Amino acid sequence: MKQDICVVVPTIREYDCMRAYFENARDHGFDLDRLFVLLVTEDFCDTEEMASMLEEEGVEGAVYDGTAREEWFENHDLGAYTHLIPEASHAQTSFGLLYMWANPRFERGVFIDDDTLPHDEWDFFGRHMENLDYEGELESVRSDERWVNVLYQNAEEHGLYPRGYPYSAMDESVETTERDVENVVASQGLWTNVPDLDAVRILMDGDLEGQAQTRTEKSDFTGDFVADPGQYLTVCSMNLAFEREVIPAFYQLPMDDNEWSVGRFDDIWSGVFLKRAADLLDGEVLTGYPLCEHNKAPRPTFDDLNNEVPGLELNEHVWEVVDDAGSDATTWTEAAEAMADALADGDFSKWNNGAFLNHCGEFWRDWLACLDDIESHVGVGSGPVTADD
């Protein structure tokens, strides 16, 4: 079996969690030779220990701290694009997307956060691959607010809304039907233990350590679903698999390292863009299993709040900005170009920090230019090339 899956793990602490994912693969008979594990980290981290962990586990991979990333850009004649990857930010997962694009052998990607563990009952990697291959009937969800709460299956009991769900879309009426699904482009696994909530909702839940008092359990989730076309949902990158083709429309925006101090919305907004592009191209974002166990470390809830507040108003509207973009798009790149233009050229002065959306649009344009340059340099689409492991 060829090495066709790139696993991207942003980490500065708990990289050893990957041992549990490798053990899960062995227990379920998943071929680890299919994986290439990319650990995206910082110069102050022990990269040698990270590399040793991969070697001990017998899994192919590479470790990229800040210095190594800069060298990668220079070695690929992409020095003009180093600004696309913010420093010390979860949005560094975008480096993994660029690495995939430069290595056409990777047909699919997987994002894993370092504060998670797999559930033993699921073949973690195998289930994600099965989800991406899925064809058949599946539950499809919609609401009168055009937003689907990914925790809707037991929401009447726990009352939770995930990080990034607009406040204006709460108290929605939910409808479910069965429909035929043929083109899954992303598989989003959900999470037990610490729910993925924003700081405001965590404070309302009475928790000052960034974790929330209300926890999720396996029984809160009853199976896989998709959101109806024209509906949006939150996408969290802690437990996510995706097809290579979505990369142009899946840029994790330049959070944290910006003059507006906007952070914490990289995967949320990329999920909005992914869903818009998927709707345009008859794709699906399948959500549900495999679950992972989310063991978020305690930290002051107010720290997260400070990072989220600058973008809270924008989060209420960013989906509306791209909702009409790209209606004539026939490729992922065309869909991405239309959404990037909508952000770059829009007038958002009526919203707090509205100029940040223009900033994101310009960066997204640069992202697409970078992908185009990678194609011209390494021949993406014209056949396999040797990976720069």
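Since the model is a prediction, treat every value here as computed from it, not as a measurement.
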List the atom of Ala297, the atom of Gln211, and the distance in Å for their closest heavy-atom pair.
-> C-NE2, 3.8 Å

Would you say the side-chain atoms of Asp207 and Gln213 include a donor-acceptor pair closer than 3.5 Å?
-> yes

Partner of Gln252 under side chain to side chain donor-acceptor pair (under 3.5 Å), picked from Ser94, Ser270, Ser89, is Ser270

Closest non-hydrogen atom pair, His128 against Ser187 | ND1-OG, 2.7 Å

Pair Tyr152-Leu233, side-chain contact (heavy atoms from CB on, under 4.5 Å): steps then yes or no | CA-CA 11 Å; Tyr152 79 94; Leu233 76 168; over 6 Å; no

Between Pro86 and Pro254, what is the shortest heavy-atom contact and its length?
-> CG-CA, 4.3 Å

Are Trp72 and Val9 connected in a single hydrophobic cluster, I mean Ile/Leu/Val/Met/Phe/Trp/Tyr linked by side-chain heavy atoms less than 4.5 Å apart?
-> no

Cation over ring face, Lys275 and Trp147, 6.0 Å, 45° | no

For the residue pair His359 and Trp260, does the interplanar ring angle fall in the parallel (under 30°), tilted (30 to 60°) or perpendicular (over 60°) class?
-> tilted

After noting the C-alpha distance and the side-chain angles of Asp115 and Arg13, does the key distance pass the salt bridge (Lys or Arg N to Asp or Glu O under 4.0 Å) rule?
-> CA-CA 9 Å; Asp115 59 358; Arg13 295 181 302 272; 5.6 Å; no

Polar side chain donor-acceptor pair, Asp256 to His90, under 3.5 angstrom = no

Less than 4.0 Å between a side-chain N and a carboxylate O, is that true for Arg365 and Glu362?
-> yes

Pair Phe30 + Phe124: ring centers closer than 6.0 Å = no

Sidechain N-carboxylate O distance under 4.0 Å for Arg163, Asp267 = yes

Smallest heavy-atom separation, Ala20 atom then Leu117 atom, equals CB-CD2, 3.7 Å

Ring pair (Phe, Tyr, Trp, His ring centres under 6.0 Å) partners of Phe265, counting only residues at least two apart = Trp269

Treating Ile, Leu, Val, Met, Phe, Trp and Tyr as nodes and any side-chain heavy-atom pair under 4.5 angstrom as an edge, say whether Val110 and Phe242 lie in one connected cluster.
-> no

Would Asp4 and Arg244 pass as an ion pair if we require N to O under 4.0 Å?
-> no

Heavy-atom closest contact (Thr41 atom, Thr47 atom, distance) | CG2-CG2, 3.9 Å

Where Leu35 and Gln3 come nearest, the two heavy atoms and their spacing | O-NE2, 3.4 Å

Checking Tyr251, Phe250, Trp364, Trp332 against Phe273 for ring-ring contact (aromatic ring centres under 6.0 Å, His included), the one that qualifies is Trp364

Met53/Leu39 under side-chain contact (heavy atoms from CB on, under 4.5 Å): CA gap, chis, key distance, verdict | CA-CA 11 Å; Met53 181 271 293; Leu39 302 179; 4.1 Å; yes

Taking atom types as modelled, find out whether Tyr289 and Glu130 have a side-chain donor-acceptor pair closer than 3.5 angstrom.
-> no

For Trp351 and Leu357, run side-chain contact (heavy atoms from CB on, under 4.5 Å): C-alpha distance rounded to whole Å, both residues' side-chain angles, the deciding distance at 0.1 Å, then the answer.
-> CA-CA 10 Å; Trp351 301 328; Leu357 295 185; 4.0 Å; yes

Would you check if there is a donor-acceptor pair between the side chains of Thr214 and His158 at a distance under 3.5 Å?
-> no

Pro10 and Asp114, any side-chain heavy atoms less than 4.5 Å apart | no

Check ion pair Arg201-Asp198 (N to O, under 4.0 angstrom) = yes

Among side-chain atoms of Thr67 and Asp65, is any donor-acceptor pair under 3.5 angstrom?
-> no

State, yes or no, whether a side-chain contact exists between Thr116 and Asn239 at a heavy-atom distance under 4.5 Å.
-> no

Under the side-chain contact (heavy atoms from CB on, under 4.5 Å) criterion, do Leu98 and His76 qualify, and how do the steps go?
-> CA-CA 11 Å; Leu98 292 180; His76 287 77; over 6 Å; no

So, are Arg26 and Glu57 salt-bridged, with charged N and O less than 4.0 Å apart?
-> yes

Hydrophobic clusters join Ile, Leu, Val, Met, Phe, Trp and Tyr when side-chain heavy atoms are under 4.5 Å apart, directly or via other members; which others share one with Phe44?
-> Ile12

hydrophobic_cluster_shared for Ile268 and Leu240, side chain cutoff 4.5 Å = yes

Exercise: do Asp224 and Tyr134 side chains pair donor with acceptor under 3.5 Å = no

Contacts of His83 meeting ring pair (Phe, Tyr, Trp, His ring centres under 6.0 Å) (sequence neighbours excluded), chain-then-number -> Phe363

Go through the side-chain N and O atoms of Thr234 and Tyr161 and say whether any donor and acceptor fall under 3.5 Å apart.
-> no

